[in-house]
Amino acid sequence: MKRPLHKNGIPISPSLDYLNQPTNGTKKGYLQKKRLLQISLLSIGVAIAISLIAKVLISLIDLVTNIAFYGSFDLKFNSPANNHLGLWVIIIPAIGGVLVGLMALYGSKAIRGHGIPEAMEQILVNQSKIKPSIALLKPLSSAIAIGTGGPFGAEGPIIATGGALGSTLGQLFKITPNERKIILAAGATAGMSAIFGTPIAAIFLAIELLLFEFSPKAILPVALACITGAAGHQFLFESGPVFHMPELSTPTNMALGIYSFMGIIIGFISLGLTKIVYHIEDAFEKLPIHWMWWPAIGGLAVGVIGYFAPHTLGVGYDNIISVLSGKIPLALLLSLCFFKFLSWAIALGSGTSGGTLAPLLTIGGAAGAILGSITLLLFPNSGISIPMAALVGMSAMFAGASRAYLTSITFALEATMQSHALLPLLGACTASYLISFFFMENTIMTEKIARRGIYTPDSYEPDILRKMTVADVLKANSMVVSTKNRINEIRAFFDLNPPLENHFMVMDEEDNFKGVITLSSIYNKNHDADGPISEIMEQSIPAIKSNDNLATAVELMSKCDEEFLPVLSTKEKNRVIGLLTYKDVLTAYKIHLKENQEAGINLSLKRQRIKILVKGRQLIHKVKEN
């Protein structure tokens, strides 16, 4: 028994020449690209379908609104704020809540909520499997809830519907759970793109809230779906920005500072808003009545608030446009901001069906416009504008509440087509995100599933195993045994010299690699102690090259159900330089933790100062000699 030098390695026995056969990486890459093309085509198909469903959903919301508030069978948009029902308006949302409760009870409980957290949960714990019935029940229940005055947006339901449609399609075809996740995300974000015409923001939404990864196999299908959804928006709805507003000018440095400070204030507001929503949800959980009736109770509150503040009823996209115009009086802004939040928080907490994006935009835009108005009253020469302050507040509110940072910025830019707003949006959203990150553990999107014990990834670091090669963690030397040794000899040696490893290479008399033996097989009492070690060694073992990454090694271990792999040298052919075990793979994580936890100074100013002094003296000495 001996420990050979790692750099020399052990020659491979001619009988084990299969170890040198290269893996068919080219074929594997071709198959992966073929699969990517198939998933992309499926995603485009889902996007076409969800674009049509988005149009149907909007038309259905308008139809229910006209029937409920105006008694007319019409598909044209009419704001419920202009109704003349008087006190009867109070019971309209309550009736909608009863219908949603019945659909949830006898259809599927999964239609409750605003869509995105439910999609996240299915991705994280259920292999992206959503019941096909959700694709029908979610838009129908949302149309009833919103059409009867619910203060929600259509984007949450269409995201949930698109996700359900993508998941259903993914369950019909023979694909992996990860591919099904991609199609789910593609359907969900294509729905958002179809409603708002914001494909870039939809792609970022997929990355930040649904995919939890950034790779070509995930991004390409989602991007194609979002582009298709945006084309559907242009064809089925209208071209141009979805939220029209006055042309914005380039802000001054002072104005940029004020907008960024607004972001801090909006960040704290988003924090309080999120906590209140879930406090209301907790209060509903304590009610001594069946949950089916909760949406009706929430609807009753919506009706009462809608009687005193009619503009809080319905989707309210027209409210967002009005706020962005900068022409709404301060008193009306205060009313809209407070009562819209109150109505939305109670309705959402009751568990009815609807989205969060439109209410957050309305509340944030109104809050930003209020802050802008107050700033102009106190500092008339500050250089800010009310429309810009409203846009900043709108985006910062979404960034703080959802922590979808890039989505918030790009959505505001795409939805308004105001390029001069980029710097104010960056400053405000960064400030709001910072407040949210430091003062709130979960977001409005993740709090619900976090309470169920589901962890939501919050970082998108590259795979550690793909960053490190086998050579990075391979031990410098490994103990080897000879085929001439008998089992009892090795047992006696190990009794006197307890080994640190559990796996050992075996070589023949010519120092050729023959196989691998494990410590458990050596001490197995069923083996003849007087027999040679060659009788119990393993030979049919796949091998890995020293320059392969650890992810490849782990995949090979998992596929072949092996705890170790012989490692081949890349410098010398037919050489085994060691054994890679699962413990060596854990070393990669130890190295990663050490790199991220241990701080150190790599540049010493004192040392640099001494070097400069020494070089200066040398230069002076040379000058004197000359």
Side-chain angles (χ1 to χ4, degrees), residues 241-273 309 311-312 316-342 344 357-402 405 408-436:
V242 68
F243 298 138
H244 295 276
M245 64 181 298
E247 193 68 27
L248 300 176
S249 59
T250 305
T252 63
N253 290 334
M254 180 183 290
L256 281 174
I258 294 172
Y259 293 134
S260 299
F261 183 72
M262 285 182 185
I264 295 175
I265 299 173
I266 297 291
F268 280 110
I269 295 174
S270 71
L271 188 151
L273 177 148
H311 288 285
T312 62
Y317 292 149
D318 54 331
N319 289 333
I320 296 173
I321 295 173
S322 299
V323 168
L324 291 175
S325 70
K327 297 177 181 179
I328 299 181
L330 182 58
L332 187 56
L333 284 173
L334 289 167
S335 172
L336 179 62
C337 183
F338 176 75
F339 287 113
K340 182 72 173 183
F341 163 67
L342 191 61
W344 167 70
L357 182 55
L360 285 174
L361 298 180
T362 304
I363 297 164
I370 292 167
L371 292 173
S373 300
I374 294 172
T375 302
L376 284 177
L377 285 174
L378 298 175
F379 308 101
N381 297 321
S382 59
I384 70 167
S385 69
I386 303 297
M388 180 75 86
L391 182 61
V392 161
M394 183 178 85
S395 187
M397 181 65 76
F398 185 53
S402 68
Y405 175 69
S408 304
I409 296 170
T410 52
F411 177 83
L413 290 173
E414 285 187 289
T416 61
M417 298 295 180
Q418 298 289 340
S419 59
H420 288 149
L422 177 58
L423 287 180
L425 288 171
L426 278 171
C429 288
T430 302
S432 181
Y433 187 96
L434 193 70
I435 297 301
S436 174

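Keep in mind that the numbers below use all heavy atoms, side chains included, and drop hydrogens, waters and symmetry copies. Position 1 is the first residue of the sequence; numbering continues from there. Keep in mind that this is a model prediction, so the values were computed, not measured.
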Original post:
Where do G372 and I386 come nearest, in terms of heavy atoms and distance?
Top reply: C-CD1, 3.5 Å
Original post:
Minimum heavy-atom separation for L271 to I435, with atom names?
Top reply: CD1-O, 4.4 Å
Original post:
When rounded to the nearest 0.5 angstrom, what distance separates SG in C337 from CG in L342?
Top reply: 11.5 Å
Original post:
Of all residues at least two apart in sequence or in a different chain, which pass the ring-ring contact (aromatic ring centres under 6.0 Å, His included) check with F339?
Top reply: none
Side-chain donor-acceptor pairs under 3.5 Å in residues 261-269, sequence neighbours left out?
none

Original post:
Do T362 and W344 have side chains that get closer than 4.5 Å, going by heavy atoms?
Top reply: no
Subject >> L256: side chain to side chain contact (heavy atoms under 4.5 Å, CB included) partners, not counting sequence neighbours >> reply: P251, N253, L423, P424
Which side-chain N or O atoms in residues 242-250 pair as donor and acceptor under 3.5 Å with protein atoms at least two apart or in another chain?
from	atom 1	to	atom 2	distance (Å)
H244	NE2	P241	O	3.2

Original post:
With sequence neighbours left out, which residue pairs that include part of residues 381-400 fulfil the ring-ring contact (aromatic ring centres under 6.0 Å, His included) condition?
Top reply: none
Original post:
Who passes side chain to side chain contact (heavy atoms under 4.5 Å, CB included) against A401, sequence neighbours left out?
Top reply: S270, T274, L360, I444
Subject >> Nearest-0.5 Å distance that lies between atom OG in S373 and atom CG in L330 >> reply: 5.0 Å
Subject >> Set of side chain to side chain contact (heavy atoms under 4.5 Å, CB included) partners for S382, sequence neighbours left out >> reply: I258, T375, L376, F379, I384
**OP:** Would you please name every residue forming a side chain to side chain contact (heavy atoms under 4.5 Å, CB included) with A390, sequence neighbours left out?
**Re:** V323, L324, A369
Original post:
Should L391 and Y259 count as side-chain neighbours, where that means a heavy-atom distance under 4.5 Å?
Top reply: no
Original post:
Excluding sequence neighbours, so at least two apart, what forms ring-ring contact (aromatic ring centres under 6.0 Å, His included) with F341?
Top reply: none
Original post:
Is the number of heavy atoms from other residues, nucleotides or ligands within 6.0 Å of CE (M254) greater than 12?
Top reply: no
Subject >> Pairs satisfying side chain to side chain donor-acceptor pair (under 3.5 Å), at least one member in residues 316-341, at least two apart >> reply: E155-Y317
Original post:
Which residue pairs pass the side chain to side chain donor-acceptor pair (under 3.5 Å) test with at least one member in residues 419-436, sequence neighbours excluded?
Top reply: R403-S436, Y405-T430
**OP:** For residues L425 and A412, report the shortest heavy-atom separation together with the two atoms involved.
**Re:** CD1-CB, 3.8 Å
